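To start, the structure itself, in structure tokens.
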Amino acid sequence: MARQGQKHARIGSTCSRWPMNSLRQNPLPVAETAWREIDLSAIASNCRAIRAAVGQGTKIFACLKQDAYGCGAGKVATLLSEAGVDAFGVVSIADALAVRKAAPGKPILMYPGIGPNAVDLVRDLDLTISISGEDDLAGWLATGASLKVFVKVDLGFWRAGVAPASLRRLLDLCASQGNVAVGGLYAHLSEFGDAGSPASAQVARLTPLLEELKTERRLPETIMVSSSESLLHHPEFDMGAVDPGALLFGLTRSSAGRRVLPTRPALLAIKARIVALKTGHDSMGTPPDLPGFHPDMRLAVLGIGWGHGVPRHLRSSASVLVRGRRASIVPPIHLEHLRIDVTDIPEAVLGDEAVLLGSSGAARITLPDLAKAWNTDETGVACALRESLRRVGVAQQFKPNQKEGE
Ligand SMILES: *Cc1c(COP(=O)(O)O)cnc(C)c1O
């Protein structure tokens, strides 16, 4: 996975790396003690790869839930509008507000979540709501508002969405209302892995219904069932639109499917500074129960903790990089702080950058490595990070002959 010839150039900040040993001459690159580095150009490039794969005939609804998978919904919506996505999908009002501000003219589909008490915002922000059943529809109808609607069908996820058997009745009910415009019909396929039905069996529950509706000339304009996993594994599910999330952010193994897309991760690094450094002393009393403790242990304290989204219960086998070397984490993790063992890195000094994700010298912690240490997947890492962990924009430059996604 080593990326030869890769450089990082920071955008919009005056930061430079702290040279080896000197503290006074080198101002902090950012005031924060911890930050994440995000390459927005990766998202634009991933989007272009998806467009090239699905072609012009299929719309792209960019799923920007959870603040665009931790990358910042506003900035991401701006760049994806420019990159030519057709619409956006979100769950929360906060994300809808950010996207609407950044992309005034684009449709925004609200996935199931908000209810009729949000009707004023739905009107003001021109949002398309999801309808998953008759009760759902009745609640919205009671507001008397004109509604733009996508009907959601549950093909085997066992979450939101109307059962295939009740779809026609729900569409009939919508059609009988003068103020309900059904612009789309969509599903989110199950990600239960081996449990539940395979993707093709899920889509097979919809196909005959689509054919009937088509014959009756009442098929909604946009039909959409495919997000990241099925985009990679089932090109035949593209239909009228696709709504990828994780894939846009390079959080999915893109070379494993029938389609191989040159995507790359937008989340490049998670870093924190050494904010305290010490060797224990008897005058501090009995040492607390620190895994691996020995009297000569040299501890560094990083300015990052579970308040920034680092898991609270990390094992001591988890490590970070300091000056190109690995240092073990010394649990427990605190709200704002995390201890590491730098006994074997005597050159470490106050202010040094420690790398939780990314490269330090020749050493590297990749996103899959970190996901494993955090007992989650890549999306789990990106979406665990909290707002308090500041985002710093970086751009990755590739040599012209280097393949993206290597
Ligand atoms: C999260 C979500 C998506 C995007 O899923 P990915 O696997 O991240 O591509 C699409 N549609 C719905 C309804 C979702 O909830």
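Start at 1 and go down the list; that is how both ligands and their atoms are numbered. Both backbone and side-chain heavy atoms feed into the values below; hydrogens, waters and symmetry mates do not. These numbers were taken from a predicted model, which means no experiment stands behind them.
A donor-acceptor pair is defined here as one N or O able to donate and one able to accept, closer than 3.5 Å; such a pair exists between the side chain of Lys106 and the backbone of Val85.
Here the shortest heavy-atom pairing between Ala62 and Leu80 reads CB-CD1, 3.7 Å.
Within ligand 1, the atoms closer than 4.0 Å to a non-hydrogen atom of Tyr69 are 1 (C), 4 (C), 5 (O), 6 (P), 8 (O), numbered from 1 in the order shown. Every atom of ligand 1 is numbered from 1 in the order shown, and the set under 4.0 Å from a heavy atom of Ala246 is 6 (P), 8 (O), 9 (O). Atoms of ligand 1 found under 4.0 Å from any heavy atom of Cys63 (numbered from 1 in listed order, with element): 1 (C), 2 (C), 3 (C), 4 (C).
Not a single heavy atom of Leu247 lies less than 4.0 angstrom from ligand 1. No heavy atom of Met224 sits closer than 4.0 Å to any atom of ligand 1. At a 4.0 Å cut-off, at least one heavy atom of Lys65 sits close enough to ligand 1 to count as contact.
Considering Arg325, Arg298, Arg323 as possible partners of Glu347, the one that fulfils the salt bridge (Lys or Arg N to Asp or Glu O under 4.0 Å) test is Arg325. A ring pair (Phe, Tyr, Trp, His ring centres under 6.0 Å) with Phe61 is found for one member of Phe150, Tyr186, Tyr111 and no other, namely Phe150.
Remark: among candidates Gly89, Ser228, Pro244, Ser230, the nearest residue to atom 6 (P) of ligand 1 is Ser228, based on non-hydrogen atoms. Looking at Glu229, His188, Arg159 and measuring to atom 5 (O) of ligand 1, the nearest heavy atom belongs to His188. Between atom 13 (C) of ligand 1 and the options Phe61, Phe157, Phe150, Tyr111, the minimum heavy-atom separation is to Tyr111.
For Arg218, the CZ atom sits in a packed shell: over 12 heavy atoms of surrounding residues, nucleotides or ligands are nearer than 6.0 Å.
Inclusion of Asp243 in the set of residues having an N or O under 3.5 Å from an N or O of ligand 1 is warranted. Any N or O atom pair closer than 3.5 Å counts here, and Gly245 shares at least one such pair with ligand 1.
Judged by distance alone, the side chains of Asp341 and Thr343 do bring a donor and an acceptor atom under 3.5 Å apart. A donor-acceptor contact under 3.5 angstrom links the side chains of Ser41 and Arg264, judged on distance only.
Ring pair Phe249/Tyr69 is parallel by interplanar angle, where below 30° counts as parallel and above 60° as perpendicular.
Counting heavy atoms under 4.0 Å from ligand 1, residue Lys152 touches it through the side chain alone.
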